[in-house]
Amino acid sequence: MDSEAYELSVNSNLIRIAAGSEQGIIYALTTLVQLMENGTVKTCRVKDEPRYSHRGLSMDCARHFFRADEVKKVIEEISLAKMNVFHWHLTDDQGWRIESRKFPLLHTTGSEYYTQEEIKEICEFAKIRGVEIIPEIDMPGHVSSILAAYPDLSCSHKQVSLAKTGGIFPVILCAGNDKTYEFLNELWQEIFELFPGDRFHTGGDEAPKKEWKACPCCTKKMQDMGYTDYEQLQGYFASRINEIFKANGKTAVFWNETLRSVSNLENAEIQYWTLQHRDSMEKYADTKQKWIYSDMFELYFDYPYSMTNLKKVYETVPHLGMRQVDKSDGLQGMEAAIWAEHIQNEERLENLLFPRVYALAEILWASDNDYQEFEARLAENIKSDLHGNIAYTSRDWWTPEGQARQMEAFAYMKSMNDGMSEETKAETVESTAPNREFGEVFMTKFFQPEDLPILMAGMNQKA
Ligand code: ACM
Ligand code: ZN
């Protein structure tokens with residue numbers, strides 16, 4: 001039996017569970033509890049196993065710090081939906097959220113954080129619910145919180161502050177200086193000891209090369225290595241990090257931009273989120289190495305329901321451009337992500353997550369899916385007192401239409417736009433270098449044709 005598979009049979013005098021592993025037993029017990037009505041379970045026989053092995057949610061606790069109890073609440077909820085991965089985005093330009101005994105300036109400079117005790121407790125909480133925690137320390141970009149504490153790790157060594165808004169910031173780790181790798185080696189050792197899992201996410205997204213280009217150390221490394229393009233230096237950086245992981249028997253996960261500069265990161269996994277640099281992602285899928293699907297147009301739950309509605313999530317079919325992909329292409333599963341630049345409180349977080357998380361959970365587990373049937377069942381299921389006190393989005397907003405949809409989508413786009421200084425906006429646009437394909441997909445996935453004029457007019461209006 002597959003390690004996550006289980007069989008559950010209930011008759012008038014016996015409940016019997018057979019499972020491929022402890023994980024399967026957790027799912028059998030979860031099903032049993034879900035079938036219970038007034039303390040009894042009707043006679044039944046269930047034979048069940050998941051469609052994908054990686055069924056995840058990524059949550060950003062760096063941009064907005066969520067209390068340990070809220071983190072547990074989310075983990076509890078995804079485990080009830082039989083999801084098995086909680087990817088914990090713990091560091092970014094806006095904050096450092098891990099107590100570090102080796103480098104305490106990280107958490108004391110980086111604002112609110114989880115103590116090591118809290119982290120261990122959350123990991124244990126997740127483990128007994130069958131959820132793997134993949135902590136992410138993003139690098140070489142998104143590191144203002146590292147550099148605010150240890151400015152010598154950047155190319156310029158200049159003091160930087162934590163970011164106050166979203167955006168892509170040019171200050172990144174120096175890739176040419178061996179001291180960077182010595183520091184990261186020490187840091188990762190501490191992280192490897194703190195978290196019990198085998199997989200750790202090391203980011204690799206959105207790393208502008210401006211500072212590397214002006215750095216004597218990085219430029220010398222370029223020459224020594226015979227590189228002609230500063231992107232290759234990110235490949236070098238990623239390889240050095242991957243060596244640290246391999247030496248410690250751990251598996252690294254990288255965002256898909258990393259493939260721009262390096263095609264073979266032995267033993268690593270890739271998380272696909274952006275169609276930019278899709279060529280390299282397609283080549284990677286050809287090799288059938290492991291990867292996870294997190295397309296931002298379908299599975300980024302920080303976008304409101306007016307841009308990514310429940311039906312769209314439920315009908316997600318993993319694809320790279322026109323090419324449909326599946327397990328035969330190395331695909332392990334899918335993961336939704338929720339980024340917290342624009343999330344101010346727990347209620348909003350829960351609103352954005354639920355019920356979209358259930359839509360994803362269901363298509364990750366089962367193959368025969370019908371949206372209408374799912375929606376009707378969902379409306380009943382969320383009334384169950386198995387769920388905690390969750391701030392669900394109400395049914396009329398699951399798949400909003402008409403003017404209400406337009407208003408919400410525009411308000412969101414406007415708040416993203418208005419939230420950034422002109423300088424940050426310029427850096428962000430330059431770093432993402434949105435091409436025509438990206439623009440077209442953005443419009444067609446998030447908007448409808450009649451929205452375009454209103455959208456343009458709204459964006460140009462001063463706040
Ligand atoms: C990402 O959204 N920058 C991974
Ligand atoms: Zn440098």
Side-chain angles (χ1 to χ4, degrees), residues 56-60 62-63 87-94 134 136-143 146-147 150-158 160 163 166-181 183-184 201-225 227 230 232-234 236-237 240 253-260 269-277 281 291-303 308 334-343 416 427-429 431-434 438 442:
L57 173 68
S58 163
M59 178 164 148
D60 173 10
R63 270 61 168 272
H87 166 180
W88 200 1
H89 186 80
L90 284 161
T91 70
D92 214 301
D93 294 299
Q94 296 81 356
I134 303 183
E136 178 180 353
I137 315 284
D138 205 344
M139 58 187 68
H142 287 286
V143 287
I146 301 182
L147 299 176
Y150 299 99
D152 280 353
L153 297 171
S154 76
C155 294
S156 69
H157 302 200
K158 281 197 193 122
V160 295
I168 300 177
F169 300 89
V171 55
I172 72 173
L173 290 166
C174 179
N177 189 344
D178 275 336
K179 291 221 158 40
T180 305
Y181 302 102
F183 172 86
L184 293 175
H201 207 300
T202 178
D205 59 322
E206 299 177 329
K209 304 298 173 311
K210 195 168 168 174
E211 298 225 334
W212 287 0
K213 289 177 185 169
C215 171
C217 230
C218 285
T219 304
K220 170 142 192 336
K221 184 62 77 182
M222 292 281 294
Q223 288 161 355
D224 291 350
M225 300 301 292
Y227 297 152
Y230 279 84
Q232 290 171 283
L233 195 54
Q234 184 166 349
Y236 172 83
F237 179 90
R240 295 276 310 247
V253 187
F254 292 89
W255 293 111
N256 73 281
E257 291 108 306
T258 309
L259 295 173
R260 276 172 89 174
E269 297 182 17
I270 295 294
Q271 185 165 12
Y272 172 73
W273 73 280
T274 177
L275 64 81
Q276 297 201 274
H277 327 297
M281 188 62 226
W291 64 288
I292 303 143
Y293 186 86
S294 296
D295 189 310
M296 63 173 279
F297 296 114
E298 290 144 345
L299 298 179
Y300 271 23
F301 291 174
D302 40 312
Y303 289 106
T308 293
M334 300 192 250
E335 196 176 290
I338 185 149
W339 303 102
E341 292 97 321
H342 306 282
I343 302 177
M416 276 220 307
E427 292 283 0
T428 302
V429 172
S431 308
T432 44
F438 183 84
F442 194 93

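Computed over heavy atoms, backbone and side chain alike; hydrogens, waters and symmetry mates excluded. Note that ligands are numbered from 1 as they come in the structure, with each ligand's atoms numbered from 1 the same way.
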For the 3.5 Å polar cut-off, considering only N or O atoms, please tell me whether Trp255 and ligand 1 meet it.
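No - when backbone and side-chain N and O of Trp255 are compared with those of ligand 1, no distance drops under 3.5 Å.
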Could an N or O of ligand 1 be found under 3.5 Å from any N or O of Tyr300, whether backbone or side chain?
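Min N/O separation from ligand 1 is below 3.5 Å for Tyr300.
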Considering only non-hydrogen protein atoms, determine which one is nearest to atom 3 (N) of ligand 1 and report residue, atom name and distance to 0.1 Å.
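Of the protein heavy atoms, Asp205 OD2, 2.6 Å lies nearest.
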For ligand 1, which part of Glu206 has a heavy atom less than 4.0 Å away: the side chain, the backbone, both, or neither?
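Only the side chain of Glu206 comes within reach of ligand 1.
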Donor-acceptor contact present, side-chain [X] to main-chain [Y], <3.5 Å:
X: Glu257; Y: Glu206; answer: yes
X: Thr202; Y: Phe254; answer: no
X: Thr428; Y: Ile168; answer: yes

Does Cys217 put an N, O or S atom under 2.8 Å from the Zn ion (ligand 2)?
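Checking the Zn ion (ligand 2) against Cys217, no N, O or S atom falls under 2.8 Å.
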Using the Zn ion (ligand 2) as the vertex, how large is the angle between SG of Cys155 and SG of Cys174, rounded to 10 degrees?
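Here the angle at the metal atom is close to 110°, to 10°.
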So, for Trp255 and His89, is the gap between ring centers shorter than 6.0 Å?
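Between Trp255 and His89, the centre distance exceeds or equals 6.0 Å.
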Short side-chain donor-acceptor distance under 3.5 Å, Tyr230 and Thr219
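Short answer, yes.
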